[in-house]
Visitor: 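Take a look at the following structure, please.
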2 protein chains.
Amino acid sequence: MDSPLLLDRLLQIADLFQRDMAREYDGTPLSPARMGVLWTIHHSGPVQQHTIAAALNVTPRNITGLVDALEAVGYVERIPDPTDRRARLVGLTPQGHELMERTVREHAALNATLLASVRAADRDRVEVAIAAIADRLAQLVSEAAKADKARAS
Amino acid sequence: MDSPLLLDRLLQIADLFQRDMAREYDGTPLSPARMGVLWTIHHSGPVQQHTIAAALNVTPRNITGLVDALEAVGYVERIPDPTDRRARLVGLTPQGHELMERTVREHAALNATLLASVRAADRDRVEVAIAAIADRLAQLVSEAAKADKARAS
DNA sequence: TATTGTTATACTCTATAACTATA
DNA sequence: TATAGTTATAGAGTATAACAATA
């Protein structure tokens, strides 16, 4: 009897997150890509658009569209960068701050719910293990990307 | 000191999978969506397109395009359904079978690598815990989707 | 009537390339 | 020259709606 691999379970979790976000944002002006922009600004404060592009690993052209949409519905605003007249800083509006604070609270609640499904005696070990898996995977992905770049040259 | 939540680590893993797949399929005729079709057929054998659509939770219209692309590069073929002249069964070609077998082997190797980053004594407990988290999350997503549907009526 | 798959159309996210304003 | 951001254009994935063929 094949029990699913650990990897299959992790892929299942990834798929469930994606599906749930798509459902949650359906009918709203938000989307996973737009939330990515909001998270970046939430963590860093007002930033130039090319910084957001680098953080999300997409082209600056993309950020133009995402910020346009977020600005149109009032979650972010572009303000002139006092140190560089080419650039504009993107910051959260009060409405954007409120959204992100609510989202942080929802994350904490979901975190608690998921952790509750793990035996109390195992929780610390499981948290350590999942962090180790994430770090190992990040390392593998980074190495693969580097190898790709080397091959392209 | 905020250590990242378990949830943040799981979201990070989800993002890394997504990023790595995008990188891996870059420059090939494959993509995450097309691989989804191939996995479905790999697990079930030749199936009607609307069955694939239901399995992936997308519209049948989508499957037309994905199967068109996979057929054009030789991974799948459409054959008449002997039991229903409206439908066509989509099955893997020998080339498609070979691709999926290779992919299964790569998954097993990645699974072993990730598991190796967990302390040997904790592995069983971690596998059980991640399975429990995945099941709990699946339950939450399913309930949320049901609540949405009820609200829409 | 209902179902299977397609054509037609549109929206989001993504990319590259060419351009502007500034550094 | 190089950088920050935009306009122009294109491709993939998704959706709805209307339609053909068949059940």
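Letters go in sequence order (proteins before strands), and every chain restarts at 1. In this text, all values refer to a predicted model and were calculated from it rather than measured experimentally.
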Visitor: Taking the minimum atom-to-atom distance to the side chain of T64(B), which one of dT6(C), dA23(D), dA12(D) wins?
Guide: dT6(C)

Visitor: Applying the side chain to side chain contact (heavy atoms under 4.5 Å, CB included) criterion to V118(A), which one of I133(B), I130(B), V126(B) satisfies it?
Guide: I133(B)

Visitor: In this structure, how many angstroms lie between the P atom of dA12(D) and the CG atom of L70(B), rounded?
Guide: 12 Å

Visitor: Given dT12(C), dA15(D), dG13(D), which nucleotide is nearest the side-chain atoms of R34(A)?
Guide: dT12(C)

Visitor: Taking only the side-chain nitrogens and oxygens of Q49(B), find out if one of them lies under 4.0 Å from OP1 or OP2 of dT6(C).
Guide: yes

Visitor: Starting at CE of M21(B) and ending at P of dT14(C), how long is that distance when rounded to a whole Å?
Guide: 14 Å

Visitor: Ignoring the backbone of R86(A), work out which of dA4(D), dC13(C), dT3(C) is nearest its side chain.
Guide: dA4(D)

Visitor: Check every strand shown and say whether D81(A) touches a base, only sugar-phosphate, or nothing at a heavy-atom separation below 4.0 Å.
Guide: nothing

Visitor: For the pair made of CG in D68(A) and P in dA8(D), what is the distance, rounded to whole Å?
Guide: 13 Å

Visitor: Whether T59(A) contacts dT16(C) is assessed here as follows: a side-chain N or O lying under 4.0 Å from the phosphate OP1 or OP2. Is that the case?
Guide: no

Visitor: Expressed in angstrom and rounded to an integer, what is the separation of Y25(B) atom OH from dG13(D) atom P?
Guide: 12 Å

Visitor: So I63(A), base contact, sugar-phosphate only, or nothing? Heavy-atom distance under 4.0 Å.
Guide: nothing

Visitor: Let's go through V128(A) and R125(A) carefully: what are the C-alpha distance in whole Å and the side-chain angles of both, what is the deciding distance for side chain to side chain contact (heavy atoms under 4.5 Å, CB included) to 0.1 Å, and is it a yes or a no?
Guide: CA-CA 5 Å; V128(A) 168; R125(A) 265 179 291 216; 5.8 Å; no

Visitor: Using atom CD of Q18(A) as one end and atom P of dC13(C) as the other, report the distance to the nearest whole Å.
Guide: 13 Å

Visitor: Nearest whole Å is fine: how far is dG5(D) P from E71(A) CD?
Guide: 13 Å

Visitor: With respect to the phosphate group of dG13(D), does any side-chain polar atom (N or O) of N62(B) fall under 4.0 Å of OP1 or OP2?
Guide: no

Visitor: Step by step, would you call L140(B) with L114(A) a side chain to side chain contact (heavy atoms under 4.5 Å, CB included)?
Guide: CA-CA 10 Å; L140(B) 291 173; L114(A) 294 182; 4.3 Å; yes

Visitor: Can you tell me the distance, in whole Å, between the CG atom of L66(A) and the P atom of dG5(D)?
Guide: 14 Å

Visitor: With a non-hydrogen cut-off below 4.0 angstrom, is R88(B) in contact with a base, only sugar-phosphate, or nothing?
Guide: sugar-phosphate

Visitor: Under 4.0 Å between a side-chain N/O of H50(B) and OP1 or OP2 of dG5(C), yes or no?
Guide: yes

Visitor: What about R61(A), does its side chain sit under 3.5 Å from the base of dT7(D) through a donor-acceptor pair?
Guide: yes

Visitor: Taking the nucleotide of DNA chain C with the closest heavy atom to each, which residue, D84(A) or N57(A), is nearer the 5' end?
Guide: N57(A)

Visitor: Do S117(B) side-chain atoms and R136(A) backbone N/O form a donor-acceptor pair below 3.5 Å?
Guide: no

Visitor: Establish whether the base of dT22(C) is bridged to the side chain of R85(A) by a donor-acceptor pair shorter than 3.5 Å.
Guide: no

Visitor: Take atom CZ in R123(B); do more than 12 heavy atoms of anything else shown fall under 6.0 Å from it?
Guide: yes

Visitor: Please assess V90(B) against V37(B) for the test side chain to side chain contact (heavy atoms under 4.5 Å, CB included), listing each intermediate value before the final yes or no.
Guide: CA-CA 10 Å; V90(B) 185; V37(B) 171; 5.5 Å; no

Visitor: Roughly how many Å is it from CZ in R19(A) to C1' in dG13(D), rounded to a whole number?
Guide: 15 Å

